Amino acid sequence: MKILIAYGTKNGTVAKCVERLQERLSDKDVTTVCLERESVDPTEFDIVVVGSCIRFEKLRPCVQGFLKQYEAVLCQKRLALFLCCANHEEYEY
């Protein structure tokens with residue numbers, strides 16, 4: 001089972017969450033893509049996880065674009081979404 005974690009981050013909070021997800025899924029076939037730097041076609045993946053920070057009540061533009069571009073594909077996948085709205089340096093785990 002192939003898993004894609006696609007995300008957008010501004011200050012690194014979402015990237016920290018992605019690292020934690022990778023640790024928990026270390027026994028799975030996981031591909032992570034920062035949508036700020038590269039693009040990915042989710043078609044070949046069984047599960048897609050999409051993460052973004054929220055700034056001024058909006059997702060990162062790269063995440064918005066990814067969701068719009070692949071809406072039809074994502075509707076056919078097992079899909080999980082997560083949002084971050086705090087700075088990881090100020091959060092207690």
Side-chain angles (χ1 to χ4, degrees):
M1 185 170 295
K2 294 178 70 173
I3 301 170
L4 170 65
I5 303 175
Y7 66 98
T9 188
K10 175 136 177 99
N11 296 319
T13 303
V14 177
K16 278 293 232 191
C17 291
V18 170
E19 287 175 17
R20 290 179 147 232
L21 282 171
Q22 281 182 291
E23 289 171 10
R24 306 227 185 225
L25 299 171
S26 62
D27 61 334
K28 310 282 189 232
D29 182 6
V30 177
T31 300
T32 60
V33 174
C34 178
L35 297 170
E36 306 283 348
R37 295 188 295 266
E38 59 186 304
S39 60
V40 63
D41 183 344
T43 305
E44 66 183 79
F45 296 91
D46 303 301
I47 299 172
V48 179
V49 179
V50 180
S52 179
C53 60
I54 297 287
R55 292 187 53 86
F56 305 107
E57 300 178 3
K58 295 189 179 193
L59 299 174
R60 296 291 300 150
C62 60
V63 174
Q64 287 180 6
F66 176 78
L67 292 172
K68 285 179 184 175
Q69 180 178 357
Y70 293 107
E71 180 179 2
V73 172
L74 295 172
C75 285
Q76 303 301 314
K77 302 282 181 185
R78 292 176 63 190
L79 178 66
L81 306 169
F82 73 91
L83 303 172
C84 296
C85 57
N87 188 330
H88 74 275
E89 294 170 354
E90 298 172 7
Y91 183 75
E92 292 183 30
Y93 294 100

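Computed from a prediction, not measured in an experiment: that's the story for all the values here. We use all heavy atoms of the structure for the numbers below, so side chains are in, but hydrogens, waters and symmetry mates are not.
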If you round to the nearest 0.5 Å, how far is [atom2] of [Y] from [atom1] of [X]?
| X | Y | atom1 | atom2 | value |
| --- | --- | --- | --- | --- |
| Tyr7 | Cys34 | OH | SG | 4.5 Å |
| Arg20 | Leu25 | CZ | CG | 13.0 Å |
| Arg60 | Lys10 | CZ | NZ | 5.5 Å |
| Leu21 | Lys28 | CG | NZ | 13.0 Å |

Would you confirm whether [X], through its side chain, and [Y], through its main-chain N or O, come within 3.5 Å as a donor-acceptor pair?
| X | Y | answer |
| --- | --- | --- |
| Lys77 | Thr43 | yes |
| Glu36 | Thr9 | yes |
| Thr32 | Ile5 | no |
| Asp29 | Met1 | no |

Give me the atom names and distance for the closest heavy-atom approach of [X] to [Y].
| X | Y | result |
| --- | --- | --- |
| Ala72 | Gln76 | O-CG, 3.4 Å |
| Leu35 | Ala6 | CD1-CB, 3.9 Å |
| Gly51 | Val63 | O-CG2, 3.6 Å |

In terms of hydrophobic clusters joined by side-chain contacts under 4.5 Å, are [X] and [Y] together?
| X | Y | answer |
| --- | --- | --- |
| Tyr70 | Leu67 | yes |
| Leu59 | Leu74 | yes |
| Leu81 | Ile3 | no |
| Val40 | Val18 | no |
| Leu79 | Leu4 | yes |

More than 12 heavy atoms of other residues, nucleotides or ligands under 6.0 Å from CD of Glu71: is that the case?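 Not more than 12 within 6.0 Å, no.
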The test is side-chain contact (heavy atoms from CB on, under 4.5 Å); show your working for Val30 and Arg24 and say whether it passes. CA-CA 11 Å; Val30 177; Arg24 306 227 185 225; over 6 Å; no
Go through Cys84 and Val14 one step at a time and tell me if the side-chain contact (heavy atoms from CB on, under 4.5 Å) criterion holds. CA-CA 6 Å; Cys84 296; Val14 177; 3.9 Å; yes
